[in-house]
Each structure stands twice: as C-alpha cells, then as structure tokens.
Amino acid sequence: MIDTAVLWVRAEANIRAGRHADALVHLRHLVEVVDRIDFEYEEWLRAMAESLRALAHWREAAACTAYLGATDVPSADAYSAAVAGVEAGDEGALRGMRLQGIYLARAGHHAAAAQWFSASRMPVHQAIALERAGDDAAASELWQVVMASDDLRDRRYELALAKINYGLCLLRMKHERARTALAEATTAVEEVADWFETEGLRERAFDCYQLLARIGSEAGAFENVAEGYLNSVRILRNDGLKLDALRLYEALVTLARRAGEHHAAAGILREAADYCTRAALPYADDLRLRSAEAWVKTAAEAQTAAHPLQMVENAYLAAAEGFASVRAYRQVVEVYGRLASLELPTKARERYRRLVDRLGNEQQDAPRPVPVPEFLKQLPEYEEVWYVDLAEWELDGDPGLIAAGVMADRRFPDFVRRHALLLVLDLERRAGQAPAVDIIRRLESIRAYPVIAALERLYLSPDATIREAVAAAMGSLRFKRSFSLVGQALRDDDGSVREAAAASTTRLVFPHAFEPLRRIFSSRDLPDAEKGRTAAVRAIGKINTAPALEFLCDRLRENDKVFAELALHALRELTNSELLPYLRHQVELVPPAYRAVLEDTARRLERRMR
C-alpha cells in the first residue's frame with residue numbers, strides 16, 4: 001500500500017530544493033492513487049505540472065494543466081515552433097499539436113483550437129471548432145472539403161454527418177442553398193438508418209433517427225422531428241426499454257406543442273397511452289386524458305383559424321371519446337355542448353343536444369389518473385453524435401488522443417478522468433511506444449464510452465495476445481456498443497480470444513444489455529456455441545427485468561438440462577420485488593418440476609416487500 005503522506009513530503013522537499021527529477025519520481029506514484037478527494041489530487045497535479053515544466057516535459061505538463069481545467073492559449077512563438085516541427089516531419093510535434101488542440105477545444109478556446117487543428121491536419125476537428133467559435137462561413141467551406149475527401153467515399157454514415165453539419169452551417173448563415181443542403185442531408189441519413197436496421201445495428205439506426213430530429217428542430221420542420229422521434233421510440237420499444245420509450249413520447253409531445261402542432265400532440269399522446277396499456281405501465285389513463293385535452297385545444301384553434309367545421313367537429317368528437325375512456329363525464333358533457341353550438345347541419349346539432357340532455361349536468365369526473373412522473377417529461381439530452389462520431393472517425397482509434405479528450409472533458413466523473421490522464425502521461429513518457437497490452441489495461445480502467453473505438457482498433461491486430469486482452473477488457477465497458485466487439489471475439493479463430501469474450505459476456509450486465517445478450521444466445525454460428533450461450537444466460541439471469549424473467553422461464557419450458565439449471569439458479573437469486581406479478585404469472589406456465597423454485601422465490605420477494 002502506498003503511503004501518500006510520506007511520498008508527498010518527499011516530493012515537496014525535492015521541489016523546494018530544485019530537484020524536480022527526484023520529485024517527479026514520487027509524484028508519478030502519487031497520481032496513480034486515483035481515489036483521493038479533489039483538492040488533494042489536484043494539489044499533487046499542480047506540483048507535478050511545475051516539475052514537468054522545469055524539466056521541459058511540455059506535453060506531460062500540458063496534460064496535467066488540461067485535467068485541472070487551466071489550459072491557456074499558447075503564445076505565438078510556441079505555436080510557430082510547433083508548426084516548424086510538424087513541417088520538418090517530427091511525429092512528436094504533430095502529436096503534440098493535436099493534443100494541444102484537444103485541450104484548447106475542451107477549455108472553450110475554440111478559435112485557437114481551430115488554428116492548432118489546422119496545422120496538425122485534423123479538418124473535422126477544425127470545422128467543429130470553427131462552428132463552436134461562431135465562424136459558420138469558414139466551417140461550411142471546410143465541411144465541403146471534408147465531403148469531397150476520398151477518405152469518406154465509402155463511409156456513408158460519416159458522409160451523412162458531414163452533410164448535416166454543412167447544411168446547418170448554411171442555415172445559420174441564411175444561405176440560399178441551406179434548404180437544398182438539408183434535404184440532401186436528410187435523405188442521406190434516412191438511407192443510412194435503413195441500412196443500419198437491415199444489418200441489425202439498431203443502436204446506430206437510433207443515432208440516425210436522433211439526427212433526423214435534430215435537423216427538423218434546427219430547420220423548424222416538425223415532420224422531420226416527428227419522423228426521428230417516432231422511429232427512435234420504435235427501436236426502444238423493440239428493445240423492451242419501456243421508460244426510455246415513454247420519455248421520448250413525452251419529449252415529442254413537448255416539441256409538438258412548442259411548434260403549435262396540437263393535432264400531432266393529441267395523436268402522439270393516444271399512441272403513448274396504447275403503448276402503456278400493452279406494456280403494463282400505469283400511465284395509460286393519464287395519457288388518454290391529456291390526449292383528450294389536446295383535442296379540445298386542436299378544435300378551438302381550428303375554429304379560431306376558420307378551418308372547415310368538419311375538422312372542428314372531428315377534433316371535438318375525438319376529445320369526447322378520450323374523456324369518456326377515462327370516465328371524465330363532466331368534460332364529455334362540455335364537449336357535446338360545444339358541438340351543439342357549432343354551425344353544423346340541423347340534425348347534427350340536435351343529436352348533440354340530445355346527448356347533452358341524456359347525460360345531464362350532474363355528471364362528475366373520475367379522480368385524476370396516475371400521472372406520468374415529471375422526470376419522464378424532461379427533454380432528454382443526447383450526445384452530439386453529428387460532431388462526436390465524425391471526430392471519432394478522424395481520431396482513428398488513437399488511444400492517446402481519445403484518452404486526452406476524456407481527461408480534459410469535465411463532464412466525465414473524476415475517477416474516469418484520472419485514469420484517462422494516467423494513460424496520456426504514460427504514452428507521453430514512453431514517446432507513444434507503450435506495449436499494446438499495457439495500453440489496453442489502461443483503456444479498460446477508464447471505463448468510458450469513447451475508449452471503445454480505441455479497443456476496436458487494437459482488436460484488428462494479428463497478435464492473438466492483443467486480441468485476447470481486448471476481449472477481456474470489454475467486460476468492463478457496459479455499453480451496448482461493446483457487444484459488437486464481443487460478438488466478433490466470440491467468433492475469433494483463436495480459442496483463448498473466444499474464452500476471454502465469453503468471460504466478458506457474463507460481466508456485461510445492465511438493463512439495456514438484454515436484447516444483445518438474447519441475440520448471442522440465439523446465434524447459431526458461434527464456434528464455441530455452448531460457452532457463448534451459457535455466458536449469455538448467466539448475464540441475463542442477473543438483469544432482473546421482466547423480459548429477462550420471461551427469457552429464463554422460456555429456458556425452463558425448453559427443458560434443456562444445462563440452460564434450465566442456469567435459469568433455475570438465476571430465478572433463485574432474483575432481487576427485484578417489482579417482478580412479483582410476472583413471477584406469479586409464470587408459475588403455471590413452466591413445467592411442474594420447476595414450479596416450486598418459482599413459488600419459493602415469489603414468497604421471498606413478498607417478504608422483502610413487507
């Protein structure tokens with residue numbers, strides 16, 4: 001165990017004596033202790049940056065400063081010296097400029113970052129920095145260069161992203177070509193989304209549909225917003241992510257109201273209500289009531305705008321139906337009263353008056369139904385994939401640059417940023433020549449989504465030892481994208497790689513993992529099929545959701561001895577009391593030999609609820 005107090009005393013003494021090389025030995029040990037409170041860790045880093053600068057280790061010092069959020073724009077002389085090194089073919093200088101550009105961008109110095117990215121030949125990062133600096137004219141020109149690049153010729157997704165950014169730059173500039181450019185971008189994104197869905201890459205298709213929504217939001221085209229959100233909802237529903245799907249329904253309702261599309265809001269609320277009924281969520285009546293209220297608003301606005309009376313009548317009738325479905329009979333009477341006052345044909349008005357008379361004025365509404373929680377009504381914040389995925393493509397899986405971006409981004413937790421800093425410092429100290437297995441271990445420790453791209457690149461190695469290390473690391477990265485690499489590793493030619501991938505599969509346990517795990521279990525092309533499928537069942541058994549419970553019970557019904565035993569073990573370990581109604585339902589649906597286990601688990605969950 002490291003005695004940090006002793007190390008810090010020795011480091012301080014060496015710094016005061018001007019022995020920065022000796023101080024650095026102790027400080028390097030200290031910064032490895034990533035679980036310390038902020039002020040203590042940052043004090044170590046400030047001292048380390050001081051020693052690194054004294055020893056002219058500029059890039060390591062810049063990394064420490066970037067972690068501390070204290071990156072300043074370098075002087076003109078420093079920039080000129082760095083450019084001279086790049087022009088002379090110095091790879092270290094090129095790498096240093098790229099790192100400095102990332103630090104400047106994360107610190108908000110976007111104009112300066114664009115300059116450094118330009119000199120270090122990173123046009124995508126430069127264009128993004130120019131956009132953030134408000135220079136849409138220069139950014140649009142650069143996006144045109146990027147789109148014309150041969151590197152994007154066979155990259156349909158990245159090309160579509162570049163087209164989006166180009167079109168939105170023109171839109172902000174109020175350029176006459178903006179609408180045409182955005183139409184081309186929309187078509188490109190729709191085609192890529194269709195391709196992703198065809199290939200079974202639903203997560204990537206989800207990103208595309210969010211892009212469509214973003215285009216519509218920026219351009220004021222609600223039809224694109226609706227297309228993007230409704231397709232996103234469809235993917236979430238298919239993956240069994242009920243609350244996430246409902247959150248997007250609510251977001252779309254909010255956006256529809258902001259756009260004055262009350263007719264659309266009413267229809268979306270009704271669709272969401274029907275979904276809640278099917279998904280056994282308790283919010284269906286609330287959504288039906290709000291749908292009816294939206295229809296009333298639609299009818300009133302149509303009447304004010306002098307739209308055809310048939311449209312007004314249809315909206316009021318939809319409202320009456322919605323109110324009646326939730327027993328809000330007083331409001332049903334009010335709606336029929338409004339219909340009777342319209343300039344409709346005589347027979348229609350008389351019919352509505354008779355309905356009002358028949359229902360009477362003494363009707364009362366049922367109590368307000370269970371509302372959708374407020375946290376589900378907040379607009380979701382998604383990653384800026386139109387920037388992030390293009391930037392990832394340009395970084396080309398470089399571990400140091402990816403880690404630098406994570407380390408300098410204060411949105412990540414400190415624990416994550418500190419591990420990223422350690423990788424950056426390690427690579428700079430070794431001049432970028434660290435062993436691949438060491439890099440993989442550092443990447444695994446970071447446990448942030450961006451490092452998956454670096455691991456994907458490392459997995460392309462012909463060295464099975466490196467591929468095995470990557471496969472083993474993926475179990476620590478609990479993201480749906482991880483399954484793409486795990487799936488490749490489960491089919492690797494080397495048995496040790498497949499073994500590591502199976503072990504990682506058992507560790508990828510989180511609610512969104514169910515569908516990818518189910519696909520692994522259903523695969524029939526795995527070289528070690530039993531190991532892969534067993535790992536998938538073990539992982540699903542720990543998820544504790546209704547779809548996972550049904551999957552486990554399916555294994556009992558199939559009565560395959562190996563998988564049935566795994567399912568029984570998982571059922572005995574269930575901890576989610578909310579699964580109790582589903583568990584009781586399954587008792588009569590599994591073979592008699594297994595019912596006692598389900599009954600025992602149900603009784604245990606009942607006791608937990610008391």
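For reference, positions follow the sequence shown, starting with 1.
- Considering only residues two or more places apart in sequence or on other chains, Arg257 meets the salt bridge (charged side-chain N to carboxylate O under 4.0 Å, His left out) condition with none of them.
- Using the six-membered ring where Trp is involved, Tyr157 and Phe196 have ring planes that are perpendicular, over 60° apart on the 30 and 60° scheme.
- Residues Arg95 and Asp398 meet the side-chain proximity criterion, which asks for heavy atoms closer than 4.5 Å.
- In this structure, the side chain of Ser80 engages the main chain of Ala76 through a donor-acceptor pair within 3.5 Å.
- Side-chain atoms of Asn165 come within 3.5 Å of backbone atoms of Trp386 as a donor-acceptor pair (strictly under, hydrogens ignored).
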Intermediate values then yes/no, salt bridge (Lys or Arg N to Asp or Glu O under 4.0 Å), Glu191 and Lys163:
CA-CA 13 Å; Glu191 290 174 351; Lys163 287 182 176 181; over 6 Å; no
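- Ser504 places a side-chain N or O within donor-acceptor distance of the main-chain N or O of Ala472, the cut-off being under 3.5 Å.
- To the nearest 0.5 Å, the span separating CG on Leu443 from CG on Leu477 amounts to 8.5 Å.
- In this structure, Arg467 contributes its side chain and Pro462 its backbone to a donor-acceptor pair below 3.5 Å.
- Partner of Leu159 under the side chain to side chain contact (heavy atoms under 4.5 Å, CB included) criterion, out of Val192, Ile164, Leu390, Leu152: Leu152 alone.
- Nearest heavy-atom pair, Arg430 versus Pro435, reported as atom, atom and distance to 0.1 Å: NH1-CD, 2.9 Å.
- Summarising the local packing, CZ of Arg46 is surrounded by more than 12 heavy atoms from other residues, nucleotides or ligands at distances under 6.0 Å.
- Inter-residue side-chain proximity for Ile446 and Phe412 is flagged as unmet; no heavy-atom pair is nearer than 4.5 Å.
- A salt bridge does not link Arg36 with Asp414: every distance from a Lys NZ or Arg NE/NH1/NH2 to an Asp or Glu carboxylate oxygen is 4.0 Å or more.
- With Arg28 contributing its side chain and Ala23 its backbone, the two residues share no donor-acceptor pair below 3.5 Å.
- Under 4.0 Å is where a charged nitrogen must lie from a carboxylate oxygen, and between Glu384 and Arg411 no such pair does.
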Trace of the salt bridge (Lys or Arg N to Asp or Glu O under 4.0 Å) decision for Glu250 with Arg247:
CA-CA 5 Å; Glu250 287 286 1; Arg247 181 180 286 109; over 6 Å; no
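- Two residues are said to be in side-chain contact when any heavy atoms from C-beta on lie closer than 4.5 Å; Val86 and Arg121 meet this criterion.
- Between Arg498 and Leu490, every side-chain heavy-atom pair lies at or beyond the 4.5 Å cut-off.
- At a threshold of 4.5 Å between non-hydrogen side-chain atoms, the residues Pro74 and Leu104 count as touching.
- Ring planes of Tyr79 and Trp116: perpendicular class, angle over 60° (limits at 30 and 60°).
- Looking only at distances, no side-chain donor or acceptor of Asp426 sits under 3.5 Å from a matching main-chain atom of Leu422.
- A salt bridge links Glu32 and Arg442; the closest N-O separation between the charged side-chain nitrogens and carboxylate oxygens is under 4.0 Å.
- Ile235 is not listed as a side-chain neighbour of Asn231, based on a closest heavy-atom distance of 4.5 Å or more.
- Side-chain atoms of Leu425 and Cys64, non-hydrogen and from C-beta on, do get closer than 4.5 Å to each other.
- No side-chain donor-acceptor contact under 3.5 Å links Ser75 and Asp77.
- For the pair Thr186 (side chain) and Leu182 (backbone), a donor-acceptor distance under 3.5 Å is present.
- If you take CG on Asp207 and OG on Ser232, they are separated by 9.0 Å, rounding to the nearest 0.5 Å.
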Is there a side-chain contact (heavy atoms from CB on, under 4.5 Å) between Leu30 and Met48? Walk through the geometry before answering.
CA-CA 10 Å; Leu30 284 171; Met48 187 172 183; over 6 Å; no
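- With a 6.0 Å radius and a threshold of 12 heavy atoms from other residues, nucleotides or ligands, Arg457 has its CZ atom at or below the threshold.
- Counting only distance, with no hydrogens or angles, the side chain of Glu394 and the backbone of Val124 share a donor-acceptor pair below 3.5 Å.
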Which is it for Ile439 and Leu427 under the side-chain contact (heavy atoms from CB on, under 4.5 Å) test, yes or no, and what are the steps along the way?
CA-CA 8 Å; Ile439 293 174; Leu427 288 172; 3.8 Å; yes
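- Taking a cutoff of 4.0 Å between a charged side-chain nitrogen and a carboxylate oxygen, Arg441 and Glu444 do not qualify as a salt bridge.
- With hydrogens and angles ignored, the 3.5 Å screen pairs a side-chain donor or acceptor of Arg491 with a backbone N or O of Gly487.
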Ser461 and Asp463: CA distance, side-chain angles, deciding distance, side-chain hydrogen bond (donor to acceptor under 3.5 Å, both in side chains) verdict
CA-CA 5 Å; Ser461 170; Asp463 187 338; 5.3 Å; no
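- At most 12 heavy atoms of other shown residues, nucleotides or ligands fall within 6.0 angstrom of atom CG in Asp154.
- Rounding to the nearest 0.5 Å gives a distance of 6.0 Å between CE of Met122 and CG of Leu401.
- Ion pair Arg172/Glu131 flagged as a salt bridge, since at least one NZ, NE, NH1 or NH2 atom sits closer than 4.0 Å to an Asp/Glu carboxylate oxygen.
- One finds no salt bridge joining Glu199 and Arg156 here, because no Lys/Arg side-chain nitrogen approaches an Asp/Glu carboxylate oxygen to under 4.0 Å.
- Put simply, CH2 on Trp58 and CD on Gln100 are 12.0 Å apart, with the number rounded to the nearest 0.5 Å.
- A distance-only check finds no donor-acceptor pair linking the side chain of Arg155 to the backbone of Trp393 [under 3.5 Å].
- Below 30°, between 30° and 60°, or above 60°: for Phe415 and His419 the angle between ring planes is above 60°, a perpendicular geometry.
- Here Glu141 contributes atom CD and Asp135 contributes atom CG; the two are 8.5 Å apart, rounded to the nearest 0.5 Å.
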With a 3.5 Å cut-off and sequence neighbours excluded, list the donor-acceptor pairs that the side chains of residues 50-57 form with protein atoms.
unit_1	atom_1	unit_2	atom_2	d
Ser51	OG	His20	ND1	3.2
Ser51	OG	Ala47	O	3.4

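- Residues Tyr209 and Glu197 have side chains that bring a donor and an acceptor to within less than 3.5 angstrom of each other.
- Within 6.0 Å of CG in Asp35 there are more than 12 heavy atoms belonging to other residues, nucleotides or ligands.
- Using a 4.5 Å heavy-atom threshold, the side chains of Tyr103 and Thr65 count as separate.
- Between His125 atom NE2 and Arg98 atom CZ the span is 9.5 Å, to the nearest 0.5 Å.
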